[in-house]
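The block underneath contains the structure these notes are about, expressed in structure tokens.
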Amino acid sequence: MRKLISILLLTTLLSSVFAEDKKSTETYDATQIVTMMKFGWNLGNTLDALGGSWKKGLNTQTAWGQPLTTKEMIDGLAKSGVKTIRIPVSWSEHVIDKYYTIDPKWMARVKEIVTWAYENDMFIILNSHHDNFDQNKKIPAGKGVYYPSEENYEESKKFLTCLWKQISSHFIEFDYHLIFETLNEPRPRGTSNEWWYDQNSPVCKKYMGTLNKLNQDIVNTIRASGGNNTHRVIMVPSLAASPDAALSKDFRIPTDTVENRLAISVHMYTPYNFAMASPGDIKFTEAHQKELSTIFRKLYNKFVSAGTPVVIGEMGATNKNNLQDRINWFNFFITEARKNSIYTCCLWDNGVWEINENDPKDKIYSEHYGYYNRTKQTWYFPELIKTAIKAMEK
């Protein structure tokens, strides 16, 4: 009897805690949550990795050279001051039938990693990552991918709404710490406008129109799933998640059934010549600062000042053996973002960090976005992370 009473008391306590979580979820709007998310980190080249025939099922996690994610990795991130983890997930290779059913083992693995972050009181961004069809042509029915063109709208809608029904159902119990992001860098792959949005191009306008509809379809699907998903924060990107596309008059924020639960997802490897181009610029200059300031001010004026928060879902400056200039970039980037009420910046990390000066091929700097040693739970450039976290707390 004493054991039964203990079990009943524990059940009551857990129910009470869950009720408080639901109540808290309804309390915080998108602006408040984004303010709390602060400095974030991307689990890059892992759950988003696509494998060949030799890397299928759960093995895709290591297809791009990163180790299996462990609880110790996530614990180490939390201890170092990272408040948010963005978990990019590619689902297309884990569709097991023509109805777009996701492999239960894959869904369980994603949930395991989300839970580790959740247990550390971290905010989690969960998305659909490399599910964009790689060709500018008609998608075969049942393939399990999308493409933002008019001819592919219906097939894309079928896949994405089915996918998000499953994600919404499997993660419905998580409170406001879990944020859904509809898509990652959706774009017309294989065209000249894949990474560049031309506001004067009728073709670009059509791509944006299709993306606007797909974002709306996904938001509607998440809300219809009920529970915590009726008021969960959802991030939505423009084409390629670029600032230029988001700032265009063609990008439309979805309508929603609840107020202030949407955020704009933007990626900024900016200025490109410093942050990504190879060899590009080694020094971080005043001209670079002005470019960043202009973009942040425009994002504030269009979105933040109107009540819709902005999240920098990916950012970073590739290693060119220019540590001090990267420190300067991190400090300026985050400080300037916060000046414009953009409070969440998530560092992209693909694990590639070291430059071999004796190998000419290794001086192609554009992919050196490694920061966190996932095996040792340390940082390759601790000065960068200290700078970023300090700037975020100002």
Donor-acceptor pair, distance only, cut-off 3.5 Å: does the side chain of Ser80 make one with the backbone of Leu77? yes
Considering non-hydrogen atoms only, spot the tightest contact between Leu160 and Ser128 and give its length. CD2-OG, 4.5 Å
Tell me which donor-acceptor pairs under 3.5 Å the side chains of residues 135-142 have, and how far apart each pair is, sequence neighbours excluded?
{"unit_1": "Gln135", "atom_1": "OE1", "unit_2": "Lys137", "atom_2": "NZ", "d": "3.0"}
{"unit_1": "Asn136", "atom_1": "OD1", "unit_2": "Tyr147", "atom_2": "OH", "d": "3.4"}
{"unit_1": "Lys138", "atom_1": "NZ", "unit_2": "Glu151", "atom_2": "O", "d": "2.7"}

Is there a donor-acceptor pair under 3.5 Å between the side chain of Asn193 and the backbone N or O of Trp196? yes
Do Leu292 and Trp329 have side-chain heavy atoms sitting under 4.5 Å apart? yes
salt_bridge(Glu383, Lys386) N-O dist < 4.0 Å: no
Minimum heavy-atom separation for Thr161 and Lys158, please, with both atom names. OG1-O, 3.4 Å
Is it true that Glu112 and Arg109 have a side-chain N and a carboxylate O under 4.0 angstrom from each other? yes
Do the side chains of Pro254 and Thr182 get nearer than 4.5 Å, heavy atoms only? no
Is there a side-chain contact between Leu50 and Glu93 in this structure, where contact means two heavy atoms from C-beta onward sitting under 4.5 Å apart? yes
Taking NZ, NE, NH1 and NH2 as the nitrogens, is one of them in Asp134 or Arg189 under 4.0 Å from a carboxylate oxygen of the other? no
Using a 3.5 Å distance criterion without hydrogens, assess whether the side chain of Asp48 forms a donor-acceptor pair with backbone atoms of Thr46. yes
If every non-hydrogen atom of Trp348 is compared with every non-hydrogen atom of Gly44, which pair is closest and at what distance? CH2-CA, 3.6 Å
Does the pair Phe251 and Asn215 meet the rule for a side chain to side chain contact (heavy atoms under 4.5 Å, CB included), with working shown? CA-CA 11 Å; Phe251 175 61; Asn215 273 332; 4.2 Å; yes
Hey, does the side chain of Asn340 reach the backbone of Ile342 with a donor-acceptor pair shorter than 3.5 angstrom? no
Between the side chain of Asn212 and the main-chain N/O of Asp250, is any donor-acceptor distance below 3.5 Å? yes
Within-4.5 Å side-chain heavy-atom neighbours: Tyr100 and Leu163: no
Could you tabulate the donor-acceptor pairs under 3.5 Å formed by side-chain atoms of residues 262-272, not counting sequence neighbours?
{"unit_1": "Ser265", "atom_1": "OG", "unit_2": "Glu181", "atom_2": "OE2", "d": "2.6"}
{"unit_1": "His267", "atom_1": "ND1", "unit_2": "Glu185", "atom_2": "OE2", "d": "2.8"}
{"unit_1": "Tyr269", "atom_1": "OH", "unit_2": "Glu314", "atom_2": "OE1", "d": "2.6"}

After noting the C-alpha distance and the side-chain angles of Trp64 and His130, does the key distance pass the ring pair (Phe, Tyr, Trp, His ring centres under 6.0 Å) rule? CA-CA 13 Å; Trp64 288 355; His130 293 304; 5.6 Å; yes
Quick check: is Val258 connected to Tyr176 through a chain of hydrophobic side chains (ILVMFWY, heavy atoms under 4.5 Å apart)? no
Suppose the criterion is salt bridge (Lys or Arg N to Asp or Glu O under 4.0 Å): which pairs have a residue in residues 59-75, not counting sequence neighbours? Lys71-Asp75
Are the side chain of Asn42 and the backbone N or O of Leu347 linked by a donor-acceptor pair below 3.5 Å? yes
Look at the side chain of Asn319 and the backbone N and O of Gly370, then say whether any donor-acceptor pair between them is shorter than 3.5 Å. no
Side-chain heavy atoms of Ile179 within contact of Ile124, under 4.5 Å: no
So do the side chains of Leu183 and Asn127 get within less than 4.5 Å of each other, counting heavy atoms only? no
Separation of Ile74 CD1 from Asn120 CG (nearest 0.5 Å): 8.0 Å
If the threshold is 4.0 Å, N to carboxylate O, is there a salt bridge linking Glu173 and Lys111? yes
Backbone of Met208 reached by a side-chain donor or acceptor of Arg252 within 3.5 Å: no
Tightest non-hydrogen contact, residues Ser341 and Val304, listed as CB-CG1, 3.7 Å
Using the six-membered ring wherever Trp is involved, compare the ring planes of Tyr371 and Phe381 and label them parallel, tilted or perpendicular (cut-offs 30° and 60°). perpendicular
Just by modelled atom types, is the Phe174 backbone N or O under 3.5 Å from a matching donor or acceptor in the Asn228 side chain? yes
For the pair Gln377 and Asn373, evaluate side-chain hydrogen bond (donor to acceptor under 3.5 Å, both in side chains) and give the outcome as yes or no after the intermediate values. CA-CA 5 Å; Gln377 289 86 59; Asn373 187 322; over 6 Å; no
Roughly how far, to the nearest 0.5 Å, is the CZ atom of Phe330 from the CZ atom of Phe332? 14.5 Å
Residue pairs meeting ring-ring contact (aromatic ring centres under 6.0 Å, His included), one or both in residues 287-326, sequence neighbours left out, come to Phe274-His288, Phe284-His288, Phe296-Phe333
Do any pairs count as a salt bridge (Lys or Arg N to Asp or Glu O under 4.0 Å) and have a residue in residues 291-312, sequence neighbours left out, and if so which ones? none
Flag the pair Tyr372 / Tyr380 as yes when their ring centroid distance falls below 6.0 Å, and as no otherwise. no
With sequence neighbours left out, what residues match Phe123 under ring-ring contact (aromatic ring centres under 6.0 Å, His included)? His177
Could you walk me through whether Arg326 and Asn321 pass the side-chain hydrogen bond (donor to acceptor under 3.5 Å, both in side chains) check? CA-CA 9 Å; Arg326 286 207 292 165; Asn321 279 340; over 6 Å; no
With a 6.0 Å cut-off on ring centres, are Tyr146 and Phe159 close enough? no
Walk me through it: do Ser225 and Lys165 pass the test side-chain hydrogen bond (donor to acceptor under 3.5 Å, both in side chains)? CA-CA 7 Å; Ser225 65; Lys165 281 180 184 177; over 6 Å; no
If the threshold is 4.0 Å, N to carboxylate O, is there a salt bridge linking Arg261 and Asp256? no
Taking C-beta and beyond as the side chain, do Trp91 and Val110 meet within less than 4.5 Å on heavy atoms? yes
Reported CE-to-CG distance for the pair Met73 and Leu68, which is rounded to 0.5 angstrom: 7.5 Å
Nearest-0.5 Å distance that lies between atom OG1 in Thr210 and atom OH in Tyr153: 8.5 Å
What I'd like to find out is whether the side chain of Tyr365 reaches to under 4.5 Å of the side chain of Lys320, using heavy atoms alone. yes
Kindly give the heavy-atom pair with the smallest separation between Ile125 and Met37, and that separation in Å. CD1-CE, 3.8 Å
At their closest point, which heavy atom of Ser238 faces which heavy atom of Leu211, and how far apart are they? C-CD2, 3.3 Å
Strictly distance-based, threshold 3.5 Å: is any side-chain N or O of Thr191 a donor or acceptor partner for the main-chain N or O of Pro188? yes
To the nearest 0.5 Å, atom CG of Asn331 lies from atom CE of Met392 at 11.0 Å
